[in-house]
Visitor: 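Dumping the structure here so I can ask a few things about it.
Whatever order the structure lists ligands and atoms in, that order sets their numbers, starting from 1. We use all heavy atoms of the structure for the numbers below, so side chains are in, but hydrogens, waters and symmetry mates are not. Treat the numbers as computed from the prediction; the structure is a model and nothing was measured.
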Amino acid sequence: MNYMDAKNKLKNFGQEHLLKYYDTLTKEEQDKLLLQIEETDFSMLQHIKKENATDRPSHITPITAMTLDEISEKKGHFTDIGTQAIHAGKIGAVLLAGGMGTRLGSSHPKGMYDIGLTKPVYIFQRIIENLFTVVNDTKTWIHLFIMTSEKNHADTTSFFQEHQYFGYDKDHIHFFKQNMAPATDYQGKIYLEAKEKLATSPNGNGGWFTSLNRAGLIDFMHKEGIEWLNVFSVDNVLQRIADPCFIGATIDGNYNVGAKVVRKTHPDEKVGVMCLENGHPSIIEYYELTDDLRNTTTPDGEPAYNFGVILNYLFEIKSLEQIAKKELPLHIVEKKIPYLDDDGNLVQPDEPNGYKFETLILDLIQMLDTCLPFEVIREQEFAPIKNKTGVDSIESARNLLVQNGITL
Ligand code: UTP
């Protein structure tokens, strides 16, 4: 794209200010800026004026979860089915590690964080160790696909290399990058984060399937015979990955997707819960839960919206391919965005100063027809690290790891 094309493209979206420093840049920087302008999808900016994706009209009803008691009755049966699927190479794992981890406040990828006390225990290492439990039990390598973003790809890949993939077979680890989205001020003007660079951020965890596809990895999965993907977040250091019992239950029930869930500790717990929305499986955020919904009970007198998601899902690839052409709704989130001020100095704001655009994995679930909420024991499978201190912090996760016999 040349300068005039870029200027015209920007004019259509009211973003000509992005060329403000063009004349002061070196030829290489100019080319870099023009390429970024060419590659950036500005159409999402129009969403700022429209209603947010979360404001859609909806009819919420309860969804039935498979409880611990039901699971334990059929544990052997489910585990056999899951183990067979692993042996047959039908299961892959997808680690979502493209996020910025801003709440943790580290400048490195979250997975590089060392949570050890007497020895180094990195978050990525914990994840590989968790996966190894199943790999060792089934004597089968499971392909692991790791989503990074432009911001953390180089750090992540070299970290794995330096640590020899924590003993995992490197031919079974595949990295792929997610897309970036521009970040704007409250008037919808995209910030510059350098004179030759638009401010961008990873475009949320909803685009993982599209990004896998773009990287040619879905074709690879077809060749390998992978049919199901266990998708999980980077920050739950206690989760079970490729859990045969969970896999078996989801396959046995012919579901499009399975979701690991935990029972809420109290009605006001700040966790998204599973429900049906307009007849489709969905997740309702805690701040969307009205008093009516909160007080609804099942025929047994249990709260009807009581199972929180922990970002550990098993998706059937075939089902995802059927909805691949549908567009995910865009969520506009207020965030702190580093930017160049009028004098060209980089400012790191202390308060939110604009919008980022994200798609979310929970919207992918809403597009599918059926989902199995599969209950797990919170104290054994859920130790998320979101914050430095307090709730869902390094400290709370360490306590849970020690309770589960893991040496730190
Ligand atoms: P979070 O919603 O906790 O976001 O991500 P985050 O970026 O890690 O942390 P904060 O909010 O900035 O503190 C849940 C999971 O989704 C992944 C994260 O890496 C994490 O595993 N994620 C999130 C992506 O892979 N890409 C994204 O664009 C956002």
Visitor: How are the rings of Tyr168 and Trp141 set relative to one another: parallel (under 30°), tilted (30 to 60°) or perpendicular (over 60°)?
Guide: perpendicular
Visitor: Classify the ring geometry of Phe166 against Phe160: parallel below 30°, tilted from 30° to 60°, perpendicular beyond 60°.
Guide: perpendicular
Visitor: Would you say ligand 1 has an N or O under 3.5 Å from any N or O of Phe232?
Guide: no
Visitor: Measure up the Phe220 and Phe145 rings against each other and bin them: parallel (under 30°), tilted (30 to 60°), perpendicular (over 60°).
Guide: perpendicular
Visitor: Among Arg263, Arg294, Arg378, which one satisfies salt bridge (Lys or Arg N to Asp or Glu O under 4.0 Å) with Glu269?
Guide: Arg378
Visitor: Got the closest protein heavy atom to atom 25 (O) of ligand 1, with its distance?
Guide: Gly98 N, 2.9 Å
Visitor: Does this structure show an ion pair linking Lys32 with Glu39, if we count only N-O contacts that are shorter than 4.0 Å?
Guide: no
Visitor: Using distance alone, decide if ligand 1 has a nitrogen or oxygen within less than 3.5 Å of any nitrogen or oxygen in Met147.
Guide: no
Visitor: Using a strict cut-off of 4.0 Å, indicate which atoms of ligand 1 neighbour a heavy atom of Gln178.
Guide: 24 (C), 25 (O), 26 (N), 27 (C), 28 (O)
Visitor: Between Phe232 and Leu95, is there a side-chain heavy-atom distance shorter than 4.5 Å?
Guide: yes
Visitor: Does the plane of the ring in Phe246 sit parallel, tilted or perpendicular to the ring in Phe374? Use 30° and 60° as the thresholds.
Guide: tilted
Visitor: When you compare the side chains of His172 and Asp169, does any donor N or O come within less than 3.5 Å of an acceptor on the partner?
Guide: yes
Visitor: Assess whether a salt bridge exists between Asp350 and Lys336, defined as any Lys/Arg side-chain N lying under 4.0 Å from an Asp/Glu carboxylate O.
Guide: no
Visitor: Within the 4.0 Å heavy-atom shell around Leu311, which atoms of ligand 1 are there?
Guide: 14 (C), 15 (C)
Visitor: Write out the residue and atom name of the closest protein heavy atom to atom 3 (O) of ligand 1, then the distance separating them to 0.1 Å.
Guide: Lys386 NZ, 2.7 Å
Visitor: Would you mind checking which non-hydrogen protein atom is closest to atom 27 (C) of ligand 1, with the distance to 0.1 Å?
Guide: Gly204 C, 3.4 Å
Visitor: Heavy-atom distances under 4.0 Å are what count here, so tell me which part of Leu95 touches ligand 1: side chain, backbone, both or neither.
Guide: neither
Visitor: Answer side chain, backbone, both or neither: which part of Ser233 comes under 4.0 Å from ligand 1, heavy atoms only.
Guide: both
Visitor: Give the residue and atom name of whichever protein heavy atom lies nearest to atom 12 (O) of ligand 1, and the separation in Å to one decimal.
Guide: Thr102 OG1, 2.5 Å
Visitor: Under 4.0 Å between a Lys/Arg side-chain N and an Asp/Glu carboxylate O for Asp392 and Arg103?
Guide: no
Visitor: How far is atom 24 (C) of ligand 1 from the closest protein heavy atom, and which atom is that?
Guide: Gly99 N, 3.2 Å
Visitor: Looking only at distance, does Val234 have an N or O less than 3.5 Å from an N or O of ligand 1?
Guide: yes
Visitor: Tell me, which protein residue and heavy-atom name are nearest atom 6 (P) of ligand 1, and how many Å apart are they?
Guide: Gly101 N, 3.6 Å
Visitor: Considering heavy atoms of the protein only, find what lies nearest to atom 11 (O) of ligand 1 and give residue, atom and distance to 0.1 Å.
Guide: Arg103 NH2, 3.1 Å
Visitor: For atom 20 (C) of ligand 1, what's the nearest protein heavy atom and its distance?
Guide: Leu96 O, 3.7 Å
